[in-house]
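Each remark here refers to the structure printed beneath this line.
Every chain is numbered from 1, with letters handed out A, B, ... down the list of sequences.
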Protein chains: 2
Amino acid sequence: MGTMQLESVPEPKYLHLKTVLSEALDQDFAVGEILPNERELAARFGVARATLRQALEQLELEGRLQRRRGVGTTVAPPRVGVDVGGAQHSWPGESVDGWEPVDAAEEAVLSPALLKLLGTAPGEMVLAVRRSRVENGQVLAAELLYVPASSVPGLSAIDAPAGPARARAVMRELQKLVLDGQDRSVELGSARPEDAKELDRLPGAPVLLVTTRYFTVAGTAAVSVATYRADTCRLTFGDSGDVQITHDARVAS
Amino acid sequence: MGTMQLESVPEPKYLHLKTVLSEALDQDFAVGEILPNERELAARFGVARATLRQALEQLELEGRLQRRRGVGTTVAPPRVGVDVGGAQHSWPGESVDGWEPVDAAEEAVLSPALLKLLGTAPGEMVLAVRRSRVENGQVLAAELLYVPASSVPGLSAIDAPAGPARARAVMRELQKLVLDGQDRSVELGSARPEDAKELDRLPGAPVLLVTTRYFTVAGTAAVSVATYRADTCRLTFGDSGDVQITHDARVAS
DNA sequence: AAGTGGTCTAGACCACGTA
DNA sequence: ACGTGGTCTAGACCACTTA
């Protein structure tokens, strides 16, 4: 074979480990199955635990593994396709899609970026409605829906007690508005401790931040910031929720 | 002050470090400014370098920092808002939006998931068009556009030499088709070494995978898998047509 | 109490960009 | 040649779940 170039740039161990594990997951493991613990895996592959963890972290990021402290590492099911709505000009939760009201309260401090999105002056009253998106008993997303008091006339009349009831009342008022349109953006973020708890993840876990602006003819009526678990969710736009698109949709060159 | 509960569950060091750094970034640093190197920062905060890196990693994930081997760590500009199209029924690249053809070639091996998306039988010829999305001299995304030969009649007549010319020729044929619709999904992934190189990132870097299916009345005409840099990109969906979010929409609670 | 993953340390060496 | 971030090691202890 002569001087076959092995690798001018040797692949890092954790990357090689990742592909080895990935293939093993496809061949030798079923969904939900528990992997050997990290110390044993590290020993079996002859690497330090930290190196093994680097591989596991990426596999978890890609939704192939699920790790829970005190329990173990399991093979994750394919990602859930979560519809985040196409061009439907409607408030989410009008149809049955898993949004559960949690609470509603006046929000005192708003980030400058959010104020700009809302188009409100600092100091103007803004209501924050908390909702959770639940599917199959799993919390997929936590949402904060910011509603300037000025955009909903009937808001001051609400006297429901704190908790889901009040959130529902605000949503009812909101849904009376005729929507003119919406725009959305998606970006990567890390879960704040608050959201992390609700999503059953550790703080800093990767999340998909979906920011939606709702318009009426009068202008911005509300802004929603939804925090989706990045490990388990695939956001879908349109009507192809049934089709599976997983990591291996890409050609393994 | 009595018995003020400090923290029943003490915050991990790297999280505290992250918030401290985050505040420092807002107050004491300008976009593009170079931070002290990791060894010095770690010493300054009295932690091990690995712990400091854990904090830096999350800040980079959130698009606040940019780290380059051999260079240093700099303060990142706000994320770019990248339009990935609303419900417009058009091929991307028809208007001027930064897509640059790279190459086109027959793709031999296709993953089962991709075959299912395309709706083609294994063995059927599928062309793969490579494109890059470039903005301000920066590669934001790498795309693979899979086109079954059956969906484009004029495909076999193409005899352009390999490279951008051939890719352009395929795109021209494709754009003759009348689109009936499309659906899209977004999920988190990690960059394959191949894409990583094109995106000027390390392998495994977090990316946003945008999978789009293009329909004609005859069925699925093509499937695009676009790999966006998650650190620098905020994907926008302009459902309301005219409106563009041009500023930083990040919500830092 | 035992076992799991999560955090943290204090080193070492490597790959890369720049001067 | 030097300084940077990236990889890797071999430990230790902690937080959490389950039995």
Note to self: Between P on C:dG17 and CD1 on B:Ile34, what's the gap in Å once rounded to a whole number?
What the structure shows: 16 Å
Margin query: Between P on C:dA15 and NZ on B:Lys197, what's the gap in Å once rounded to a whole number?
Written below: 17 Å
Next item on the list: Please examine the side chains of A:Leu65 and A:Leu35, heavy atoms only from C-beta on, and report whether any two atoms are closer than 4.5 Å.
Entry: yes
Next item on the list: Report the relative orientation of the aromatic rings in A:Phe237 and B:Phe237; use parallel for angles under 30°, tilted for 30 to 60°, perpendicular for over 60°.
Entry: parallel
Any N/O pairs under 3.5 Å between the protein and nucleotides 5-8 of chain C? List them or say none.
{"from": "C:dG5", "atom 1": "OP1", "to": "A:Thr73", "atom 2": "N", "distance (Å)": "3.4"}
{"from": "C:dG5", "atom 1": "OP1", "to": "A:Thr73", "atom 2": "OG1", "distance (Å)": "3.1"}
{"from": "C:dG5", "atom 1": "OP2", "to": "A:Glu38", "atom 2": "N", "distance (Å)": "2.9"}
{"from": "C:dG5", "atom 1": "N7", "to": "A:Arg39", "atom 2": "NH1", "distance (Å)": "3.1"}
{"from": "C:dG5", "atom 1": "O6", "to": "A:Arg39", "atom 2": "NH2", "distance (Å)": "3.0"}
{"from": "C:dG6", "atom 1": "OP2", "to": "A:Arg53", "atom 2": "NH1", "distance (Å)": "2.8"}
{"from": "C:dG6", "atom 1": "OP2", "to": "A:Arg53", "atom 2": "NH2", "distance (Å)": "3.3"}
{"from": "C:dG6", "atom 1": "OP2", "to": "A:Arg67", "atom 2": "NH1", "distance (Å)": "3.3"}
{"from": "C:dG6", "atom 1": "N7", "to": "A:Arg49", "atom 2": "NH2", "distance (Å)": "2.8"}
{"from": "C:dG6", "atom 1": "O6", "to": "A:Arg49", "atom 2": "NH1", "distance (Å)": "3.0"}
{"from": "C:dT7", "atom 1": "OP1", "to": "B:Tyr14", "atom 2": "OH", "distance (Å)": "2.8"}
{"from": "C:dC8", "atom 1": "OP1", "to": "B:Lys13", "atom 2": "N", "distance (Å)": "2.2"}
{"from": "C:dC8", "atom 1": "OP2", "to": "B:Tyr14", "atom 2": "N", "distance (Å)": "3.2"}

Item checked: B:Ala104 backbone acceptor or donor facing B:Arg166 side chain under 3.5 Å -> yes
Next item on the list: Look at the side chain of B:Arg79 and the backbone N and O of B:Asp231, then say whether any donor-acceptor pair between them is shorter than 3.5 Å.
Entry: yes
Item checked: salt_bridge(A:Arg213, A:Asp183) N-O dist < 4.0 Å -> yes
